Amino acid sequence: ATMEATYGDPPATPEIRDVEHLLTGWAHALADPRQRLLPRRLYSAIDDLPELVQSYQARFGVHRDDARRQVLERARDRGQLPRDTEPDVLLDVLTGAVWQHLASRPDTSTANEVEQYLRAVLNQTGYRPEGGERNATR
């Protein structure tokens with residue numbers, strides 16, 4: 001209920017058009033101090049209240065990860081990511097980058113700063129926004 005109230009009753013499965021939309025969405029969420037605080041609190045409770053985290057994963061986490069994975073698969077198929085990209089591994093890398101940002105960057109980060117950070121991480125994986133066959137063979 002707290003998550004729904006904080007995020008305005010979001011759909012369990014978000015509509016994410018493409019990688020650019022994914023980056024922008026994460027950047028805006030991470031630029032909001034309130035939205036940064038709640039996930040940190042939620043995951044800090046994992047040892048004492050594992051059922052709380054399990055409930056969040058069942059309501060939001062699994063569905064959001066599925067939507068993000070599909071976006072990464074489509075980007076790979078369009079040649080925006082190398083052909084040998086494993087969407088599950090890349091999703092773990094990006095999620096880890098989000099958690100690193102939550103843990104190590106100030107809550108005053110702007111959406112632009114967060115997006116630049118996530119884009120730098122994604123670019124290290126071979127992501128190219130324009131796509132094209134030359135990137136697919138990388």
Side-chain angles (χ1 to χ4, degrees):
T2 301
M3 294 298 287
E4 290 177 20
T6 299
Y7 296 118
D9 195 22
T13 303
E15 290 186 37
I16 306 171
R17 293 185 304 271
D18 55 24
V19 172
E20 296 300 311
H21 189 224
L22 173 67
L23 290 175
T24 301
W26 256 337
H28 284 283
L30 289 173
D32 181 341
R34 185 173 176 210
Q35 289 191 47
R36 292 175 64 85
L37 182 60
L38 190 56
R40 285 195 307 249
R41 285 188 174 163
L42 176 68
Y43 279 95
S44 69
I46 198 165
D47 291 327
D48 296 326
L49 301 167
E51 65 278 2
L52 182 63
V53 176
Q54 290 168 351
S55 177
Y56 170 78
Q57 284 293 4
R59 171 72 169 96
F60 296 110
V62 172
H63 304 292
R64 290 177 179 192
D65 282 352
D66 286 344
R68 292 171 181 141
R69 188 177 303 103
Q70 289 172 14
V71 165
L72 297 174
E73 287 171 356
R74 288 193 307 265
R76 179 193 59 200
D77 295 346
R78 282 194 303 268
Q80 292 177 303
L81 292 164
R83 278 191 196 153
D84 61 351
T85 297
E86 295 287 341
D88 287 323
V89 173
L90 183 52
L91 182 57
D92 283 347
V93 167
L94 289 172
T95 302
V98 166
W99 280 105
Q100 177 64 22
H101 197 282
L102 283 169
S104 67
R105 300 300 198 285
D107 286 349
T108 57
S109 296
T110 66
N112 186 49
E113 290 168 336
V114 176
E115 186 172 341
Q116 287 177 355
Y117 167 79
L118 293 174
R119 186 172 299 285
V121 171
L122 191 56
N123 286 343
Q124 293 301 308
T125 70
Y127 173 68
R128 300 296 173 254
E130 294 81 34
E133 188 60 30
R134 65 184 168 77
N135 293 318
T137 58
R138 193 165 186 239

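This one's a predicted model, so the numbers in the text were calculated from it and none came from an experiment.
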Over all atoms of both residues, closest heavy-atom pair of R128 and N123
NH1-O, 3.5 Å
Between CZ of R68 and CG of L94, what distance do you get to the nearest 0.5 Å?
9.5 Å
Are the charged groups of E86 and R69 less than 4.0 angstrom apart, N to O?
no
Evaluate the criterion side-chain contact (heavy atoms from CB on, under 4.5 Å) for residue pair H101 and R36; output intermediate values, then yes/no.
CA-CA 10 Å; H101 197 282; R36 292 175 64 85; 3.0 Å; yes
Point-to-point distance, once rounded to the nearest 0.5 Å, from CG of L81 to CG of D84
10.0 Å
May I ask you to decide whether R74 forms a salt bridge with D77, counting only side-chain N to carboxylate O separations under 4.0 Å?
no
hydrophobic_cluster_shared for L37 and L30, side chain cutoff 4.5 Å:
no
Taking T24 for the side chain and H21 for the main chain, is one N or O donor matched with an acceptor at less than 3.5 Å?
no
For a quick test of reading the model, state the closest non-hydrogen atom pair linking E113 to S109 and the distance between them.
OE1-CA, 3.3 Å
Against L72, only a single residue in D88, L90, T125 fulfils side-chain contact (heavy atoms from CB on, under 4.5 Å); can you say which?
L90
Atom of A27, atom of A111 and distance for their closest heavy-atom approach
CB-O, 3.4 Å
Distance-minimising heavy-atom pair for D18 and R78:
CB-NH2, 4.0 Å
Smallest separation among heavy atoms of P129 and Q80, with atom names:
O-NE2, 2.6 Å
Is there a donor-acceptor contact under 3.5 Å from the side chain of Y127 to the main chain of A75?
no
Do other residues, nucleotides or ligands put more than 12 heavy atoms under 6.0 Å from the CZ atom of R105?
yes
Of all heavy-atom pairs linking P87 and R76, the shortest is CD-NH1, 3.2 Å
Rounded at 0.5 Å granularity, tell me how far CG in L102 sits from CG in L38.
11.0 Å
